[in-house]
Amino acid sequence: MYKTHSCGELRKSDVGKTITLAGWVHRYRDHGGVYFVDLRDRFGLTQVVINPEESKDLAQIVSEIRNEFVLQIEGQVNARPPEAVNPNMDTGEIEVHAAKITVLNTCKPLPFSINKEENTDESIRLKYRFLDLRRERMQKNIILRHKIIKYMRDYLDEKGFLEIETPIMFKTTPEGARDYLVPSRIYPGQFYALPQSPQQLKQLLQVAGMEKYFQIARCFRDEDQRGDRQPEFTQLDMEMSFVERDDILDLLEDLFTKMSKAVTPHKRILYEPWPKLTYQEAMDRFGKDAPDMRFGMELVDISDIAKNCGFSVFVNAIADGGSVRGINAKGLANYTRRQIDELTEQVRLWGAKGLAYIKISETGEESSTFRKFLNDDDWAGILKKMDAEKGDLLLFVADSNLSVVYDSLARLRVMLGERLGLRDNDVLAFCWIVDFPLFEWSEDEKRWDATHHPFTRPKKEDMALLETDPGKVRGDQYDMVLNNYELASGSIRIHERALQEKVFDLIGLPREVARERFHQIMDAFEYGAPPHGGIAPGVDRYVMILAEEPNIREVIAFPKNNAARDMMSGAPSEAMENQLRDLHLRVVMPEAKKEE
RNA sequence: GGGGGCGUGGUGUAGCGGUUUAACAUGCGGCCCUGUCAAGGCCGAGAUCGCGGGUUCAAAUCCCGUCGCUCCCGCCA
């Protein structure tokens, strides 16, 4: 071994020991006659003291040392003089007096500093990811991620789950997201697909009698990126047999509550047990099915008053089948006209036609663009319904399209919650959203579409509606939500061939196509498939939230950039001619690029 | 596929028509310094202002195009 101790473990009780450390030069301070090196490894920092006058070798090495050199240091652990103790360091009571220093490797000047937090263009960080990962922030995130995955494995093992790997090369299922394809050399013109999730495989494992399955599963989706999306990402994929919805919810709630407390003990879980909201309730109260429940400012429906009031914007929206709803931004009555105009501009970008407001100043003075259109009763009715007090700013969106009202107010609510400091990173507000509609009408394709996926089981009490009113059927489906993010989605599955076929029929999937894509699972249903269900929490997203990072790239060791490129290796890159030949492929560039 | 933002020494920023031989911090190189821990002091090197074109007497600065990065919409069963 190159070292007897890590750089994070020496304490006062080790004083007098002769030890060897190895690590990187985090910082050095040359005082002429005395020289300090903060030596870093993954476990911490230790101050090394060097007296160059003690030997020629030491003097020589001290003149050469630079940041991020890799050193091995032999020496004695000394107590620091009382006035030199550093209470900010774990090892701050001691220092190592160097007797011998070996330079294990040198380091060129760095493209960005590792020993302090500074904003660096992300493309440079990603290009030099091996250096970026040395930084404290990244080390913390990677360690947190490890702890979370270890907790998941230990917990599920304890509960009798089996971790089972499923193939990365599988079959394309051109439902949902775009697949990544892998060309077959042996079968010209045929392709494997990388799994968007191991959905069918984990259901087949239930037919196989595994009963409790989990996997830290890599999933692949060829869609454009976002801050919380990557072309490949990791899910805690789970599936269980002989379970009902609440068996799964209870288990996951217990896991995520205990795990959050274990890995981030300083954070507070706001609700125990977690609230369960129906999809409809979540929409009505928060305008979205992944609400931030750390704060109130809930949506209020004032349509009943607005439909007959004197303000034509409101009246017309409702007459056209829409709705008028508002939020009460407590304490924002000091917003100027200009600031409200900015909010209006913002909701326009989200699809709303405008933003009506009522301001009630601290002195009780009421002002609004639409006061003059309303009689006193309607005015008072709205104020009462909105729970308006002095200092409040009430904001309303009216639209003939209810989803525009929901969406714009939901976003406005989160934006104002952020401004008002109501989104405390030390608070974790978990909740469950249940009873989603099973189908939604696709206007583009003039047919019903599965909102989750076509394997979701209709709720027992809604089974009859499959024949009469598919839009009213609720699925036995559930989402785990944390602080404005959908963390997991799952459902009880269909396990009978006849019911599965009925659902495929309803979403307009021809029998022969269903057979080609899903024959393995359809066949399996006829061989004693047990009732089963599952869920798949997003690991990257969960780590991101706990680490308080703005995007999941910060919690992935080697992520791709916004354009799905690996900035370090340059992937994707062109294939060699012989590779293409082996795979029976020819590259046809898009029209615009052909001329180059 | 569409829209917004950004691009200035290694890094982060300022400058946004002439007052700039492009500034500041940090990093880098050298010298000084025996107790620092974001050490300090002095000196120095380092940028044809992403690239191409245009407007102008004059462009880092204005316009057009292009490339790169980034955020958002579409997309993500």
Side-chain angles (χ1 to χ4, degrees), chain A residues 26-40 45-54 63 66-68 78 80-89 91-92 95 97 107-128 131-132 173-179 196-197 199-200 219-231 233 345-346 349-351 407 411 436 438-440 442 444-445 448-456 475 477 486 489 491 503-504 507 509 517-518 538 550-551 553 561-565 567 590 592 596:
Chain A
H26 191 62
R27 250 190 280 276
Y28 59 92
R29 294 174 290 281
D30 184 355
H31 286 251
V34 64
Y35 190 100
F36 300 98
V37 170
D38 291 341
L39 196 69
R40 184 194 74 237
L45 283 175
T46 299
Q47 174 164 288
V48 177
V49 187
I50 305 161
N51 286 315
E53 286 149 22
E54 285 177 14
S63 69
R66 295 295 179 269
N67 281 337
E68 298 303 313
N78 288 342
R80 294 200 194 187
E83 69 278 8
V85 165
N86 186 342
N88 299 320
M89 284 173 85
T91 59
E95 61 194 8
H97 184 94
C107 181
K108 297 205 291 187
L110 297 159
F112 50 82
S113 57
I114 286 166
N115 59 21
K116 71 173 165 222
E117 285 300 321
E118 60 180 12
N119 289 334
T120 303
D121 191 274
E122 202 181 343
S123 56
I124 295 164
R125 290 177 51 206
L126 290 176
K127 182 175 174 191
Y128 295 97
L131 294 179
D132 192 36
T173 51
E175 204 75 33
R178 208 173 289 117
D179 283 322
Q196 297 180 23
S197 79
Q199 180 62 35
Q200 289 187 64
C219 305
F220 305 86
R221 293 181 191 174
D222 187 3
E223 296 294 346
D224 287 340
Q225 308 310 300
R226 287 290 185 282
D228 57 353
R229 269 193 244 156
Q230 280 273 299
F233 59 97
E345 209 42 53
Q346 191 60 59
L349 292 174
W350 297 327
D407 185 52
R411 290 167 184 261
F436 286 76
L438 191 59
F439 304 108
E440 60 192 345
S442 167
D444 289 349
E445 303 179 52
W448 293 102
D449 220 346
T451 53
H452 183 46
H453 56 56
F455 309 110
T456 301
Q477 182 196 335
E486 177 194 310
S489 200
S491 63
V503 168
F504 282 147
I507 62 175
L509 194 68
R517 285 182 201 166
F518 304 118
N551 66 64
R553 295 190 295 273
N561 77 358
N562 231 35
R565 187 176 288 287
M567 302 288 282
E596 289 170 14

### Query
Closest heavy-atom contact between A:Arg40 and A:His26?
NH1-ND1, 3.0 Å
When both hydrogen-bonding distances must be under 3.5 Å and the geometry is Watson-Crick or G-U wobble, what is [N] paired with, if anything?
N: B:C16; result: none
N: B:G1; result: B:C73
N: B:C6; result: B:G68
N: B:G27; result: none

Using a cut-off of 4.0 Å on non-hydrogen atoms, how would the nucleic acid contact of [X] be classed: base, sugar-phosphate, or nothing?
X: A:Ser113; result: nothing
X: A:Ser197; result: base
X: A:Asn67; result: sugar-phosphate
X: A:Glu486; result: nothing
X: A:Asn119; result: sugar-phosphate
X: A:Leu349; result: nothing
X: A:Ala84; result: base

### Which nucleotide in B:U26, B:G74, B:U11 has an atom nearest any side-chain atom of A:Arg226
B:G74
### Task
Just compare B:G12, B:C71, B:A38 and give me whichever is closest to any side-chain atom of A:Arg553.
B:C71
So, the side chain of [X] versus the backbone of [Y]: is there a donor-acceptor pair under 3.5 Å, distance only?
X: A:Gln477; Y: A:Thr456; result: no
X: A:Thr91; Y: A:Leu45; result: yes
X: A:Arg80; Y: A:Gly92; result: yes
X: A:Arg411; Y: A:Trp350; result: no

### Message
Taking 5.5 Å and 30° as the limits, would you call A:Phe36 and the base of B:U36 a stacked pair?
### Response
yes
### Message
Going by centres under 5.5 angstrom and planes under 30 degrees, do the aromatic ring of A:His31 and the base ring of B:G35 stack?
### Response
no
### Message
Under 4.0 Å between a side-chain nitrogen and a carboxylate oxygen: does that hold for A:Asp224 and A:Arg229?
### Response
no
### Message
Just checking A:Tyr128: does its OH atom have more than 12 heavy atoms from other residues, nucleotides or ligands closer to it than 6.0 angstrom?
### Response
no
I want to check one thing: is the phosphate of [N], taken as OP1 and OP2, less than 4.0 Å away from some side-chain N or O of [X]?
X: A:Arg411; N: B:C73; answer: yes
X: A:Arg229; N: B:C75; answer: no
X: A:Arg29; N: B:A39; answer: yes
X: A:Asn561; N: B:C69; answer: yes

### Task
Could you give the distance separating B:C69 and B:U8 at their P atoms, to the nearest angstrom?
14 Å
### Message
Is it true that A:Arg517 and A:Gln200 share a donor-acceptor pair across their side chains at a distance under 3.5 Å?
### Response
no
Check: protein-nucleotides 40-42 of chain B nitrogen or oxygen pairs below 3.5 Å:
none

#### Entry: Distance-only donor-acceptor test (3.5 Å): side chain A:Gln47, base B:U36
yes
## Note on the structure
Judged by nearest nucleotide, the residue sitting upstream toward the 5' end of RNA chain B, A:Gly32 or A:Asn86, is A:Gly32
